[in-house]
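The shown structure was predicted, so the numbers you read here are calculated from the model rather than taken from an experiment. Side chains are part of it too, since the values below use all heavy atoms of this structure and drop only hydrogens, waters and symmetry mates. Just so we're on the same page: letters track the sequence lines, and every chain starts at 1.
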Amino acid sequence: MTETLSALAAGFGVALAPINLLWGFVGVTLGTAIGVLPGVGPALTVAMLLPLTSKLDPTGALIMFAGIYYGAMYGGSTTTILLNTPGESASIATALEGNKMAKRGRAGPALATAAIGSFVAGTIATVLLTLLAPVVVEVALKFGPTEYFALMVFAFVTVAAVLGASTVRGLSMLFLGLLFGLVGIDDQTGQMRFAFGVPELMDGIDVVVLAVGLFAVGEALYVAAYQSRTREALERLSGSLWMSRDDWRRSWPAWLRATAIGFPFGTIPAGGAEIPTFLSYAMEKKLSKHPEEFGKGAIEGVAGPEAANNASSTGVLVPLLTLGIPTSATAAILLAAFQSYGLQPGPLLFQTQSSLVWGLIASMYVGNVLLLILNLPLIGVWVQVLKIPRAPLYAGILVFATLGAYSLHQSVVDLVVLYVFGLLGFLMRRFGFPVAPAVIGLILGPLAESQFRRALAISQGDASVFFTHPISAALLALTALLVVVPWLVRVARERRVRAGVRP
Amino acid sequence: MPRRRAELVLSLGVLALGVFATVVAFRLPEAGGYARIGPNFVPKVVAGCLIVMGLWLLAEVATGGWRDAVDDDPVARGEHAFHLPAFAWVSAGLFAQMALIRDAGFVVAATALFFCVARGFGSAHPARDAATGFALGLAVYLFFVKFLNVSLPAGWLAPLLGGAGL
């Protein structure tokens with residue numbers, strides 16, 4: 001405990017150094033902006049900035065990237081409340097009540113409860129991260145390659161198979177991502193795999209090209225084809241920003257309850273904030289003294305989901321920093337950012353790069369304060385950002401997207417590959433294939449393979465180690481249960497439905 | 001394209017990719033070492049799993065279509081019907097950039113990209129889009145080349161950028 005506090009104090013020394021404070025400020029401002037803008041998310045933004053890592057110092061760059069990550073959660077609520085087009089699935093629950101409040105001229109209090117709730121949840125979640133990380137690190141130090149491999153399999157399967165509409169479409173994208181991850185030189189034997197003699201493929205498929213292709217080019221093609229001819233209704237920000245005494249009284253219990261739901265969901269590989277935001281919404285609806293207001297703009301319905309969203313996004317950093325396991329697309333790209341500096345998140349990073357890790361955690365306390373200032377007094381600025389028409393917005397996104405891909409190797413081949421991934425992203429969006437498993441497969445796949453082969457090298461080729469080591473066996477059994485149980489439930493339900501149709 | 005046919009084509013695509021990857025994986029050398037498995041083992045597993053996924057998707061197509069599929073009716077999704085010109089303009093912008101970036105340079109390529117994409121999104125101000133694209137391209141070029149030392153092709157503007165001491 002005292003060790004944690006002294007490490008955190010040293011971390012504040014790093015985070016409050018003027019240059020890192022500046023990078024943190026740039027990160028949270030950029031994060032709020034891209035959270036506000038429809039069509040750009042934190043995963044895409046960090047991916048576009050990855051080629052710059054060679055020019056920046058790792059601590060500053062990672063503080064900036066983390067700022068983009070949690071700053072985007074703040075900005076997202078502004079768009080959801082004023083525009084009613086949730087930028088991401090985690091904002092859908094907020095849209096239910098937030099946009100209704102805006103329509104009734106209560107946009108100000110809705111934005112305020114979202115921003116203050118995000119601050120409360122983000123700060124409490126950062127405290128929990130501070131306390132929990134050293135504990136997990138302690139456990140993780142005992143993990144060998146066998147346990148790591150089992151843990152990665154667990155993360156793959158939950159992200160791909162359990163979440164999302166369809167198990168088979170999620171798993172298809174996971175294996176596609178894993179296949180992309182195999183392209184290039186095998187680092188254990190030097191064997192070239194799936195490169196077909198193309199020099200651009202020998203280094204492997206770059207995460208920048210994959211993520212920017214899927215998120216930016218695919219998104220632009222999709223929105224142009226299916227949404228560019230519809231009009232959007234932007235709600236006016238009128239009246240007071242201030243929450244009334246009654247608003248406060250109804251908001252703060254919702255913030256705290258939502259933090260308690262959101263953080264644990266973030267720490268397990270349950271893929272992002274969608275489930276906890278809906279759980280929080282359902283809980284607030286049930287506990288509210290004004291259930292009749294739900295569906296017409298109940299403030300608890302904004303306060304809860306927004307706080308849950310932020311708490312879970314901070315929770316995601318627990319497995320990422322302590323175990324090196326990303327559980328969302330953005331976390332996977334943050335992992336790639338660490339890797340571009342030759343750093344591997346995990347228990348050892350807390351020992352070898354203590355000042356970097358704790359500087360990063362400390363920067364999140366500072367970042368949440370900056371975000372509260374950015375998102376309340378300066379809310380008017382972001383409303384202006386929201387007014388940028390779609391045509392120049394998407395045109396600008398693609399200029400930056402192609403710049404990121406081209407600057408990797410100064411090669412037109414990367415632009416061609418980018419377009420191919422864009423077409424893939426278009427088809428995935430159109431036919432309901434999730435993106436996160438593909439990105440996580442690409443980044444985590446090579447790590448999983450090397451842990452797998454290392455585990456087998458230690459056991460001299462005896463694959464039974466994965467089932468005789470207790471932690472590994474438990475994780476693999478849990479993984480199997482997560483796939484088989486929903487499937488059995490589904491088969492039973494379909495059979496019952498069929499029996500019902502034909503009596 | 002009717003939904004069933006699109007699903008059939010995509011399922012076959014996944015299957016074909018799996019078969020192709022399997023063929024490639026089986027040609028990789030063994031070279032096991034202590035682990036008794038070599039660089040060909042994981043590729044075989046991943047390729048095999050892709051084949052299984054392709055077959056699973058096909059099985060869903062054969063038994064009433066993909067489960068929990070995206071609504072085929074764009075209006076039900078809150079969108080409009082597929083707008084080919086918009087899709088084509090965005091694609092054309094990206095192709096123009098591929099063709100121009102090496103010789104004409106980054107700024108010209110970015111202008112063309114910006115112009116085409118804005119058209120695709122239904123912008124009614126072509127001249128303004130071209131000017132905005134040029135200004136954005138130039139600003140990005142100067143920031144990256146002068147400030148971050150990332151090299152980008154100057155192309156046709158080389159004499160101009162060079163002459164201005166940039």
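Contact record, B:Val61 with B:Ser11: CG2-OG, 3.6 Å, taken as the closest heavy-atom pair. The shortest heavy-atom contact between A:Phe175 and B:Val46 is O-CG1, 3.6 Å. Counting all heavy atoms, side chain and backbone alike, A:Ser228 lies closest to B:Phe121 at CB-CD2, 3.9 Å. Contact detail for A:Phe400 and B:Leu136: the closest heavy-atom pair is CE1-CD1, 4.2 Å. The two atoms that bring B:Ala130 and B:Thr111 nearest to each other are O-CG2, 3.4 Å, heavy atoms only.
Comparing A:Leu171, A:Thr230, A:Leu174 by heavy-atom pairs within less than 4.5 Å of chain B, the highest count is held by A:Leu171. Residue with the most contacts toward chain A among B:Val150, B:Val70, B:Asp71: B:Val70 (heavy-atom pairs, distance under 4.5 Å). The residue among B:Leu113, B:Thr132, B:Asp129 with the most heavy atom pairs within less than 4.5 Å of chain A is B:Leu113. Taking A:Gly441, A:Ala391, A:Ala455, A:Gly396 one by one and counting their heavy-atom pairs under 4.5 Å with chain B, the maximum is reached by A:Ala391. Note on B:Pro85, B:Ala109, B:Ser91: by heavy-atom pairs under 4.5 Å with chain A, the leading option is B:Ser91. Across A:Arg429, A:Arg193, A:Met192, the residue that shares the most heavy-atom pairs under 4.5 angstrom with chain B is A:Arg193. Between chain A and the residues B:Ala47, B:Ala110, B:Ala21, the largest count of heavy-atom pairs under 4.5 Å involves B:Ala21. Comparing B:Pro74, B:Ala69, B:Gly78, B:Ser151 by how many heavy-atom pairs each has under 4.5 Å with chain A, the most go to B:Ser151. With chain B as the partner, the residue from A:Val399, A:Leu423, A:Leu176 showing the most heavy-atom pairs under 4.5 Å is A:Val399. The greatest number of non-hydrogen atom pairs below 4.5 Å with chain B, out of A:Leu178, A:Leu221, A:Asp186, is found for A:Leu221. Ranking B:Gln97, B:His80, B:His125 against chain A, the residue ahead of the rest is B:His80, based on heavy-atom pairs under 4.5 Å.
Between the A:Arg229 side chain and the A:Gln227 main chain, no donor and acceptor come within less than 3.5 Å of each other. A donor-acceptor pair is defined here as one N or O able to donate and one able to accept, closer than 3.5 Å; such a pair exists between the side chain of B:Glu7 and the backbone of B:Trp66.
Side-chain atoms of A:Ile458 and A:Thr146, non-hydrogen and from C-beta on, never get closer than 4.5 Å to each other. In this structure, B:Leu17 and A:Leu179 have side chains that are in contact, with non-hydrogen atoms separated by less than 4.5 Å. With contacts defined as side-chain heavy-atom distances shorter than 4.5 Å, the pair A:Val168/A:Met173 does not qualify.
Using a 4.5 Å cut-off between heavy atoms, A:Ile397 makes no contact with chain B at all. The part of A:Leu182 that comes within reach of chain B is its side chain, from C-beta onward, which places non-hydrogen atoms under 4.5 angstrom from that chain. Neither the backbone nor the side chain of B:Phe147 comes within less than 4.5 Å of any heavy atom of chain A. Interface residue A:Val416: backbone and side-chain heavy atoms are both found under 4.5 Å from chain B. For A:Leu393, no part lies near chain B; criterion is any non-hydrogen pair under 4.5 Å. For B:Leu57, the parts lying near chain A are the backbone and the side chain together; criterion is any non-hydrogen pair under 4.5 Å. For a residue to count as touching a neighbouring chain, one of its non-hydrogen atoms must lie under 4.5 Å from one of that chain's; by this rule A:Ser166 touches chain B with the side chain only. With a 4.5 Å cut-off on non-hydrogen atoms, A:Leu418 does not touch chain B at all. For A:Ser172, the parts lying near chain B are the backbone and the side chain together; criterion is any non-hydrogen pair under 4.5 Å. Heavy atoms of B:Leu84 lying under 4.5 Å from chain A are absent altogether. Residue A:Gln188 does not touch chain B at all, counting heavy-atom pairs closer than 4.5 Å. With a threshold of 4.5 angstrom between heavy atoms, B:Arg128 does not approach chain A through any atom at all.
Using cut-offs of 30° and 60° for the angle between ring planes, the A:Tyr226 and A:Tyr222 rings count as tilted. Classification of the B:Phe87-B:Phe82 ring pair by plane angle, with boundaries at 30° and 60°, yields tilted.
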Discussion item. Go through it in stages, so that I can follow the logic: the residues are B:Phe144 and A:Tyr406, the test is ring-ring contact (aromatic ring centres under 6.0 Å, His included), and I'd like the CA-CA distance, side-chain angles, deciding distance and then a yes or no.
Written reply: CA-CA 12 Å; B:Phe144 275 70; A:Tyr406 185 80; over 10 Å; no
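Heavy-atom neighbours of A:Phe196 CZ from other residues, nucleotides or ligands within 6.0 Å: above the threshold of 12.
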